[in-house]
Amino acid sequence: MRPLGVDQRTIARRSAVGIPAGMAAATATNGSPWPGGGAITTTVGRVFLTLSGVDFVCSGTAVRSANRDVVATAGHCVKDGTGAWADNWTFVPGYESGRRPYGSYPARRMFVAGPWARDANDGYDVGMVAVSDRGGRHLADAVGAQTIGWNAARGRQTYTFGFPADPPYNGEHLLYCAGVPSDDPYKKTPDQGLKCDLTAGASGGPWFSGFDPVTGQGQLTSVSSFKYSNDTGSMYGPYFGDEVKQVFDTAQKA
C-alpha cells in the first residue's frame, strides 16, 4: 500500500503448472519476476481498497479455512491502524497485467489483531478477510488455498510474493524475493526482515516457509508489512503467533 506515515518507517506497502524446463526459482533474490507457475499463481492476488476516500493497492493470499473464504493480508491493507476501516475491499486472485482470470472477490467481513487496531503496532500488522463467494463458489474451491503455520521456527528459508506498484515496478506482475530472514536489528518489533526490493503494493503479500517452487505451495508464516526509511532494501513481516491465530480463527468462522 502507499505510505501511511507510520513512525519513521515507510510502508512497503498465473495456470497451475511447475517451473518450465531450464528455468529455476532462485533461493536468494531481492526481487525477481516469478519464473514458473504452480499454486502460487492462483492463490496469490492483488487487493484493491479505499481508505478515507483514497484508493490503494495491496497483495493477499487465499488460505485454507473452514469457510473456504479467507484471504490473509497486512493489517494496514484492511484498517489504517487506529483509523478507518477499508471500503471497496476486493481480492483478485491470479491477477496479471490487468487480467482477472478468476474474477473478483469482495470482502464481507474484515478482521485485524487488537494491537494493530488499538496502537498500530507493527508486530501485529495482519489482516484476515472473509470474502463473498462468486457465482455460488467459494474462493478456495475456485483457486485453491495455502496452509498457514503458527509459532513456526524463525530464520528459515523464505519466499515472499507480491505486486509492487511503486517504481521501478508497476503492480501488474507477480514478483518474489527469497532468502533467510533475520530478527529486527533495531529491536522495535518482534518481526523478521528479509532482503527485498519490492515496493508499495507488495504489502500483505505472503511469506512462505517450506515452499516448493515446483508446486507453488508452502506454509504461510508472515506477510509483508513495512520497511525502515533508512533500510529500504529490507522488508519486514510480523510473526504468526497465538494472537494472529485468534484473528484467523474468527475469520474462518465468519
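Sequence positions, counted from 1, serve as the residue numbers for this chain.
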Margin query: Quick check: closest heavy atoms across Pro93 and Thr42, and the distance to 0.1 Å?
Written below: CB-O, 3.3 Å
Next item on the list: Keeping the roles fixed (side chain from Ser209, backbone from Gln219), state whether a donor-acceptor pair exists under 3.5 Å.
Entry: no
Checklist line | Cation over ring face, Arg154 and Tyr239, 6.0 Å, 45° | finding: yes
Next item on the list: Kindly assign one of parallel, tilted or perpendicular to the pair Phe208 and Phe161, based on the angle between their ring planes and the thresholds 30° and 60°.
Entry: perpendicular
Item checked: Criterion side-chain contact (heavy atoms from CB on, under 4.5 Å) on Trp89 and Val129, from CA distance to verdict -> CA-CA 9 Å; Trp89 197 100; Val129 179; 3.6 Å; yes
Check: Would you say Thr50's side chain and Asp55's backbone share a donor-acceptor pair under 3.5 angstrom?
Finding: no
Note to self: If you compare all heavy atoms of Val223 against all heavy atoms of Thr73, which two are closest, and at what distance to 0.1 Å?
What the structure shows: CG2-O, 3.7 Å
Next item on the list: For residues Phe226 and Tyr236, establish whether the separation of their ring centroids is below 6.0 Å.
Entry: yes
Check: Can a donor-acceptor pair be found between the side chains of Ser104 and Thr90 at a distance below 3.5 Å?
Finding: no
Margin query: Give me the atom names and distance for the closest heavy-atom approach of Ser234 to Lys227.
Written below: O-CG, 3.1 Å
Note to self: Can you pull out every ring pair (Phe, Tyr, Trp, His ring centres under 6.0 Å) where at least one residue sits in residues 179-204? Sequence neighbours excluded, please.
What the structure shows: Tyr186-Tyr228
Note to self: Centre-to-centre under 6.0 Å for Tyr124 and Trp116, is that the case here?
What the structure shows: no
Note to self: Checking Thr61 against Gln146: is there a side-chain donor and acceptor pair closer than 3.5 Å?
What the structure shows: no
Check: Below 4.0 angstrom, N of the basic side chain to O of the carboxylate: do Lys253 and Asp249 qualify?
Finding: no
Check: Are Leu175 and Tyr169 close enough that some pair of their side-chain heavy atoms sits under 4.5 Å apart?
Finding: yes
